[in-house]
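Okay, structure first, notes after.
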Amino acid sequence: MLQTFRHYIDGGFSDASQTFDSINPATGEVWASMPAASAADVDRAVRAADRALFSPEWANLTASQRGKLLYRLADLVAANAQELAELETADTGKIIRETRSQIGYVAEYYRYYAGVADKIQGAYLPVDKPDMEVFLRREPVGVVAGIVPWNSQLFLSAVKIGPALAAGCTIVIKASEEGPAPLLAFARLIHEAGFPAGVVNILTGFGADCGHALTTHPLVAKIAFTGGPETARHIVRNSAENLAATSLELGGKSPVLVFDDADVDSVSNAIIAGIFAATGQSCVAGSRLLVQRGIRERLLAKLVEKARAIKIGDPQNVDTEMGPLATARQRDHIEAVLAASLAAGAKLLTGGHRPEGMGNGFFFEPTIVECATSDIPSVAQELFGPVLSVMSFDTEEQAIALANGTRYGLASGVFTRDLTRAHRLTRRLRAGIVWVNTYRAVSPIVPFGGYQLSGLGREGGFDAVLDYTRTKSVWIRTSDDPIADPFVMR
Ligand code: NAD
């Protein structure tokens with residue numbers, strides 16, 4: 001039987017005038033019916049968020065009271081992690097091992113921002129005028145439009161909803177039209193936690209109508225977007241309508257640099273985790289391996305052996321290590337880029353095909369290709385799939401040039417036991433994250449974001465909350481003397 005999901009707008013669950021089918025990527029079959037928000041639905045949600053922003057039920061809460069609501073939400077996320085994880089796995093094909101642990105950790109993001117709520121401070125300014133007291137109030141920026149892509153929707157919305165609510169904003173979140181089930185189901189927890197009506201609204205729909213209507217809405221003050229660079233260009237153009245402040249978390253082509261002194265066993269596990277976890281559908285996927293020539297042969301042999309041993313299968317099974325791609329379109333795209341790469345001279349070391357016996361699911365083998373030049377498509381483009389492109393280098397300078405030879409700049413990894421080299425590289429790599437002797441580690445305490453085509457702004461960490469605020473300068477004259485010459489600026 002088909003499961004049916006609904007929108008959460010103005011504190012209530014509602015159907016949309018249109019629906020669309022959601023496909024289980026592991027079977028290729030329709031498993032759920034999703035509501036598709038129209039421009040009218042979006043307008044209703046944004047107006048509800050705008051009313052809530054100034055309502056006494058929300059605006060009069062103290063920062064600590066907002067924090068308490070967020071703590072309650074965090075507890076509810078932790079208590080419901082298994083159910084949400086099963087929904088995410090059914091709708092996106094991401095393996096249950098990962099969805100369960102990631103959603104358990106999403107609770108920590110809400111906990112972190114719950115604690116941040118009453119630590120957002122204004123300032124007292126020692127102004128250069130003797131009879132004035134001046135202070136800065138930090139106020140919520142207004143109604144936030146949050147837009148997320150299909151992968152990790154609960155995680156990517158938590159880094160928007162958490163700071164927005166801590167700051168006292170209200171928010172309308174658009175789940176991706178691909179895999180929206182967990183985020184739509186999460187709305188029930190917002191309701192149970194006791195947030196006033198309209199403070200959080202969750203809907204889904206397609207980019208061209210629902211996403212466009214949301215990001216151009218005149219009552220939206222901030223857009224927090226995660227997705228691909230092409231869509232980001234639309235978002236920025238859309239924001240010219242409402243002049244909303246915009247943050248962009250985009251794609252990547254992250255390099256992993258391995259030097260001769262690295263430990264082959266340990267580093268190969270980190271590389272496998274970096275590219276094949278989530279079937280490569282991770283913005284921080286370490287999709288370019290740059291390996292020093294002295295360790296190259298041993299490392300590649302180990303990687304090929306480990307890639308071939310990865311258990312591909314039903315993502316709901318706890319033993320499965322790699323599930324399908326989220327959509328057939330995504331698998332077709334990966335096949336096309338891989339074919340173009342092989343035609344351009346890339347050498348296939350392992351994988352490259354749809355595995356046998358997987359029915360109509362959108363599966364693809366863990367794939368490793370060796371590439372001599374950076375213009376090979378699998379090196380140049382973000383594939384968002386399980387394809388590792390390998391290049392070799394002799395010197396540190398060559399490694400840096402290869403690593404920085406991209407317009408992306410989200411993450412990077414360095415594997416070496418040489419401390420001074422590690423420090424040099426942390427300075428010279430052009431990426432928002434440098435992981436040294438580790439990969440794919442995240443924390444609510446640590447900012448996350450990219451350089452260049454990988455984005456604008458940071459999510460996570462304390463400062464992210466300031467992006468959801470604006471300052472108001474308050475001047476108080478302390479003198480009882482009459483105001484003198486009206487034609488002189490004070
Ligand atoms: P996408 O850009 O196609 O879609 C993202 C969201 O934008 C979806 O909800 C979509 O409906 C919406 N959208 C599409 N057109 C729109 C428009 N004209 N106006 C408003 N909204 C619109 O991305 P995707 O294919 O779903 O996800 C993959 C991309 O996301 C990859 O590039 C990946 O690297 C990136 N990503 C980045 C991060 C990060 O934090 N940096 C995290 C996860 C994914």
Side-chain angles (χ1 to χ4, degrees), residues 20 34 36-37 39 42 91-92 94 102 109 145-160 172-180 183-184 202-217 220 223-242 244 246-254 275 277-287 325-327 329-334 337 381-385 406-411 431-433 440 442 446-461 464:
F20 64 96
M34 299 295 171
V42 170
D91 217 11
T92 66
K94 193 187 250 199
Q102 194 182 53
Y109 277 78
I147 300 205
V148 293
W150 85 70
N151 65 314
S152 311
Q153 302 205 33
L154 286 174
F155 174 69
L156 296 170
S157 53
V159 289
K160 300 170 175 56
V172 179
I173 284 271
K174 184 190 108 50
S176 170
E177 64 275 33
E178 280 149 5
L183 194 44
L184 293 174
I202 301 181
L203 39 74
T204 188
F206 297 90
D209 40 23
C210 167
H212 181 86
L214 181 55
T215 47
T216 52
H217 199 291
V220 164
I223 303 168
F225 172 76
T226 303
E230 261 324 300
T231 315
R233 293 194 173 94
H234 283 288
I235 301 287
V236 171
R237 279 193 287 268
N238 292 353
S239 71
E241 295 293 322
N242 48 19
T246 302
S247 62
L248 306 169
E249 289 287 343
L250 311 178
K253 195 73 215 176
S254 301
I275 185 63
T279 319
Q281 299 164 112
S282 164
C283 53
V284 293
S287 54
L325 291 154
T327 62
R329 180 175 51 84
Q330 181 62 9
R331 183 195 46 198
D332 297 347
H333 168 67
I334 289 161
V337 178
Q381 295 177 27
E382 182 189 35
L383 270 80
F384 221 54
T406 170
R407 292 194 67 205
Y408 288 107
L410 188 55
I433 303 164
R440 212 166 174 249
V442 292
V446 183
F448 183 99
Y451 283 30
Q452 308 180 108
L453 278 192
S454 291
L456 199 63
R458 295 290 178 266
E459 288 187 327

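Note that ligands are numbered from 1 as they come in the structure, with each ligand's atoms numbered from 1 the same way.
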task: Carefully, step by step, assess F448 and V284 under the rule side chain to side chain contact (heavy atoms under 4.5 Å, CB included).
output: CA-CA 10 Å; F448 183 99; V284 293; 3.6 Å; yes
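Considering only heavy atoms from C-beta on, D91 comes within 4.5 Å of M34 through its side chain. Side chains of K174 and L203 form a contact here, defined as non-hydrogen atoms less than 4.5 Å apart. Between L154 and Y109, the closest side-chain pair of non-hydrogen atoms is not below 4.5 Å. Between S176 and Q153, the closest side-chain pair of non-hydrogen atoms falls below 4.5 Å. Between F384 and P149 there is no side-chain heavy-atom pair separated by less than 4.5 Å. With a 4.5 Å cut-off on side-chain heavy atoms, Q330 and E178 do not count as touching.
Looking at L214 against ligand 1, nothing comes within 4.0 Å, counting heavy atoms. Under 4.0 angstrom from ligand 1, the non-hydrogen atoms of L250 all belong to its backbone. When non-hydrogen atoms are compared, ligand 1 lies under 4.0 Å from neither the backbone nor the side chain of E178. Residue E230 does not touch ligand 1, judged by heavy-atom distances below 4.0 Å. Contact annotation: for H212 versus ligand 1, heavy atoms closer than 4.0 Å belong to the backbone alone.
Counting atoms of ligand 1 from 1 in the listed order, those under 4.0 Å from a heavy atom of I235 are 19 (N), 20 (C), 21 (N). In summary, the atoms of ligand 1 found under 4.0 Å from a heavy atom of N238, numbered by their order in the structure, are 19 (N). Less than 4.0 angstrom separates some heavy atom of L156 from each of these atoms of ligand 1: 42 (C), 43 (C). The atoms of ligand 1 that sit less than 4.0 Å from any heavy atom of L410 are 41 (N).
Taking OG1 of T406 as the start and NZ of K253 as the end, the distance is 8.5 Å to the nearest 0.5 Å. Atom CD of Q381 sits about 11.5 Å away from atom CD1 of I334, to the nearest 0.5 Å.
From the protein, the heavy atom lying nearest to atom 9 (O) of ligand 1 is V148 O, 2.8 Å. Scanning the protein for heavy atoms near atom 28 (C) of ligand 1, the closest one is F384 CE2, 3.7 Å. Among protein heavy atoms, the minimum distance from atom 17 (C) of ligand 1 is reached at G207 O, 3.5 Å. Nearest non-hydrogen protein atom to atom 11 (O) of ligand 1 is E177 OE1, 2.7 Å. Of the protein's non-hydrogen atoms, the one nearest atom 23 (O) of ligand 1 is G228 N, 3.6 Å. The protein heavy-atom contact nearest to atom 27 (O) of ligand 1 is P149 CB, 3.1 Å. The protein heavy-atom contact nearest to atom 35 (C) of ligand 1 is G227 O, 3.2 Å. In terms of protein heavy-atom proximity, atom 36 (N) of ligand 1 is nearest to C283 CB, 3.6 Å.
T216 and N242 get closest at one heavy-atom pair: C-ND2, 3.6 Å. For the pair G179 and T92, the tightest heavy-atom approach, listed with the atom from each and the gap, is CA-CG2, 3.9 Å. Contact between E459 and A224 at its shortest, heavy atoms only, is OE2-CB, 4.4 Å. Shortest non-hydrogen contact noted between T226 and L156 is CG2-CD1, 4.0 Å.
At under 3.5 Å, a nitrogen or oxygen of E382, whether backbone or side chain, sits near a nitrogen or oxygen of ligand 1. Among the atoms of H234, none of the N or O lies under 3.5 angstrom from an N or O of ligand 1. For ligand 1, the polar-atom distance check finds no N/O of T226 at less than 3.5 Å from any of the ligand's N/O atoms.
Distances from atom 21 (N) of ligand 1 to the heavy atoms of S176, A145, G211 put G211 nearest. Between T231, V284, L383, it is T231 that holds the heavy atom closest to atom 16 (C) of ligand 1.
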